[in-house]
**Student:** 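Could you have a look at this structure, given as structure tokens, before my questions?
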Amino acid sequence: MPDLAARLADVDARIAAAMRASGRAADEVTRIVVTKFHPPALITELHALGVRDVGENRQQELTAKHDELADLEGMRWHFIGQAQTNKARAVRAAADVVHSVDRARIADALHVAAPEGAPLDVLVQVNLTDDPGRGGVAPSGVEALAAHVAEHCTSLRMRGVMAVAPVGEEPAAAFARLAQASVALRSVASDATWISAGMTGDFVEAISAGATHLRIGSAITGPRPDRG
Ligand SMILES: *Cc1c(COP(=O)(O)O)cnc(C)c1O
């Protein structure tokens with residue numbers, strides 16, 4: 001716990017410094033702690049340290065932790081992993097925000113899971129690599145996907161764009177393309193201003209490029225246990 005508190009404080013200080021350096025107000029960014037592969041007890045410790053936004057990338061793990069920790073007040077659960085359509089109902093039941101909407105079929109499945117339910121915040125995941133097999137819609141497809149969501153998925157609230165910087169490229173260059181995708185998205189959904197970008201290795205560059213939501217794991221949690 002002392003180590004966890006120290007790492008959290010250190011990351012938050014680095015975030016604050018990067019925000020200042022970019023001339024941005026501290027409250028323009030949300031720090032999500034990615035807790036994947038760690039036990040629920042870690043999330044309880046983080047909650048005691050004031051963390052309210054946590055991220056998980058597998059539906060089963062999200063569901064299990066969300067249900068076990070239902071008593072943690074004010075917790076917001078961010079789903080940041082590849083979503084399968086047959087798991088959409090479970091994702092919708094556990095997540096407050098889904099960062100990984102990258103095709104019409106998953107948007108439809110999330111909507112159909114609770115068409116009259118409380119709105120679900122979603123982001124369009126953008127693929128910044130040249131490999132179409134990676135998660136995310138190509139930058140050229142962002143507007144069409146957002147238009148589909150606006151027209152057909154009325155229980156989803158479009159919030160912004162999300163991406164992972166490709167390995168082997170300067171993160172700043174990749175995040176500049178994500179900023180362009182954000183402009184494209186806002187031509188269709190004018191208030192979808194969130195930019196989810198920045199992990200342990202590149203959150204300073206993401207802040208410079210305008211990130212509003214950072215997804216930081218190991219710098220705060222320590223190394224992840226084996227996924228088994
Ligand atoms: C695991 C993960 C992160 C956090 O990665 P770290 O390098 O540990 O900070 C962020 N985003 C996504 C999509 C992830 O899967």
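These values consider heavy atoms only, across backbone and side chains, with no hydrogens, waters or symmetry-generated copies. Whatever order the structure lists ligands and atoms in, that order sets their numbers, starting from 1.
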**Student:** Would you please name every residue forming a salt bridge (charged side-chain N to carboxylate O under 4.0 Å, His left out) with R52, sequence neighbours left out?
**Tutor:** none
**Student:** Numbering the atoms of ligand 1 from 1, which are under 4.0 Å from a heavy atom of I80?
**Tutor:** 11 (N), 12 (C), 13 (C), 14 (C)
**Student:** Specify the protein heavy atom at minimum distance from atom 5 (O) of ligand 1: its residue, its atom name, and the distance to 0.1 Å.
**Tutor:** M199 CE, 3.5 Å
**Student:** Taking K36 first and then E61, would you say they form a salt bridge - that is, a charged N and a carboxylate O separated by under 4.0 Å?
**Tutor:** no
**Student:** Checking the side chain of H47 only, and the main-chain atoms of E73 only, is there a donor and an acceptor separated by less than 3.5 Å?
**Tutor:** yes
**Student:** Under 3.5 Å, side chain of R157 to main-chain N/O of D121, donor-acceptor pair present?
**Tutor:** no
**Student:** Starting from atom 15 (O) of ligand 1, which protein heavy atom do you reach first, and at what distance in Å?
**Tutor:** K36 NZ, 2.7 Å
**Student:** Would you mind checking which non-hydrogen protein atom is closest to atom 11 (N) of ligand 1, with the distance to 0.1 Å?
**Tutor:** R215 NE, 2.9 Å
**Student:** Mind checking ring-ring contact (aromatic ring centres under 6.0 Å, His included) for H99 and listing every partner two or more places apart, or none if nothing turns up?
**Tutor:** H78
**Student:** With atoms numbered from 1 as shown, which atoms in ligand 1 lie under 4.0 angstrom from a non-hydrogen atom of I216?
**Tutor:** 9 (O)
**Student:** Taking a cutoff of less than 4.0 Å between a non-hydrogen atom of the residue and any ligand atom, is R224 in contact with ligand 1?
**Tutor:** yes
**Student:** Who gets closest to atom 7 (O) of ligand 1 by heavy atom: T200, V164, V11?
**Tutor:** T200
**Student:** Is E169 paired with R177 through a side-chain N to carboxylate O contact shorter than 4.0 Å?
**Tutor:** yes
